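Only one structure is covered here, and it is reproduced in the block below.
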Amino acid sequence: MANAKPLAALLLAVAVLALLQLVRARHSPAVSAHTPAVMTVNGFERGGSGGGASECDGHFHSNGERIVALSSGWLRLDGTRRCNRMIRITSRGGRSVVAKVVDECDSSRGCGENIVDSSAAVWKALGLDTDVGRVPVTWSDA
C-alpha cells in the first residue's frame, strides 16, 4: 500500500487534465474574419423569448432592430467586452449584415457555445426564415 498515494495523485492529475480538455472544448473559438457560429432567433422585447432586459444596457429592445446576444465566451473574449459594439454576420448564401451586440447568451444557463442569438430583423436582412430557428453563419467584429 506504499504506492497508493502516488497512484491516487496520478489518477487525480489525469482526471484534472481530462476535465480541462472538456472545458476547453466547450469554449467558443477565437474570433477571426470568418468565425463559425450557429445563429438562433431571440426576442429582445419585454416578455419575449430572451427573458430579461439586455445585459449590456439593462433595456429591452425592439425585434425590428438589428441586434444580437453573443455566447458568454465571445461577449467577454480575452477580457474584451463586445457590449454595444457592431459585428458583421454572413450567411452561407454570402449575404451579410451589421448588428449591434446588446446581450449575452449565457452559456452557463443553457445557451451553448458558438451562438449568435439574433433578432428577427437580422434574419430578415439576411433573407432567412425565422421559422428555421438555427442556421450556420460566420461573424466577425465590424
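We're numbering straight along the sequence, starting at 1. Just so you know, these numbers use all the heavy atoms, side chains as well, and skip hydrogens, waters and symmetry mates. Remember, predicted model here, so these are calculated numbers, not experimental data.
- Not one N or O on the side chain of Thr35 forms a donor-acceptor pair closer than 3.5 Å with the backbone of Ser140.
- Here the shortest heavy-atom pairing between Ser54 and His61 reads OG-CD2, 3.2 Å.
- Under the 4.5 Å side-chain contact rule for hydrophobic residues, Val41 and Ile87 share a cluster.
- The minimum heavy-atom distance linking Ile115 with Cys105 is given by the pair CG2-SG, 3.9 Å.
- Considering every non-hydrogen atom in both Trp74 and Val31, the closest pair reads CD1-CG2, 3.8 Å.
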Test side-chain hydrogen bond (donor to acceptor under 3.5 Å, both in side chains) on Glu113 and Ser71; report intermediate values, then the result.
CA-CA 6 Å; Glu113 297 291 336; Ser71 293; 4.8 Å; no
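- Interatomic distance, Arg109 CZ to Glu104 CD, rounded to the nearest 0.5 Å: 8.5 Å.
- Taking hydrophobic clusters as Ile, Leu, Val, Met, Phe, Trp and Tyr residues chained together by side-chain heavy-atom distances below 4.5 Å, Trp123 shares a cluster with Val116.
- Ile67 and Ala99 get closest at one heavy-atom pair: N-CB, 4.1 Å.
- Looking at every heavy atom in both residues, Val98 comes nearest to Met86 through CG1-CE, 3.4 Å.
- Heavy atoms only, all atoms of each residue included: Arg82 and Val101 are closest at O-CB, 3.4 Å.
- Summarising the geometry, atom CG belonging to Asp117 is positioned 8.0 Å from atom CG belonging to Asp103; distances are rounded to the nearest 0.5 Å.
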Please step through side-chain hydrogen bond (donor to acceptor under 3.5 Å, both in side chains) for the pair Ser119 and Asn63, ending with a clear verdict.
CA-CA 5 Å; Ser119 67; Asn63 292 324; 5.9 Å; no
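- Atoms CD1 and CZ, on Ile89 and Arg66 in that order, are 10.0 Å from each other to the nearest 0.5 Å.
- By the rule that hydrophobic residues join a cluster once side-chain heavy atoms approach within less than 4.5 Å of another member, Leu70 and Val102 end up as members of separate clusters.
- Side-chain atoms of Asn114 and Val38, non-hydrogen and from C-beta on, never get closer than 4.5 Å to each other.
- By the 4.0 Å N-to-carboxylate-O rule, Arg85 lies too far from Asp141 to be salt-bridged with it.
- Two different hydrophobic clusters hold Leu126 and Phe44 under the rule that ILVMFWY side chains link at heavy-atom gaps under 4.5 Å.
- At a threshold of 4.5 Å between non-hydrogen side-chain atoms, the residues Met39 and Trp139 do not count as touching.
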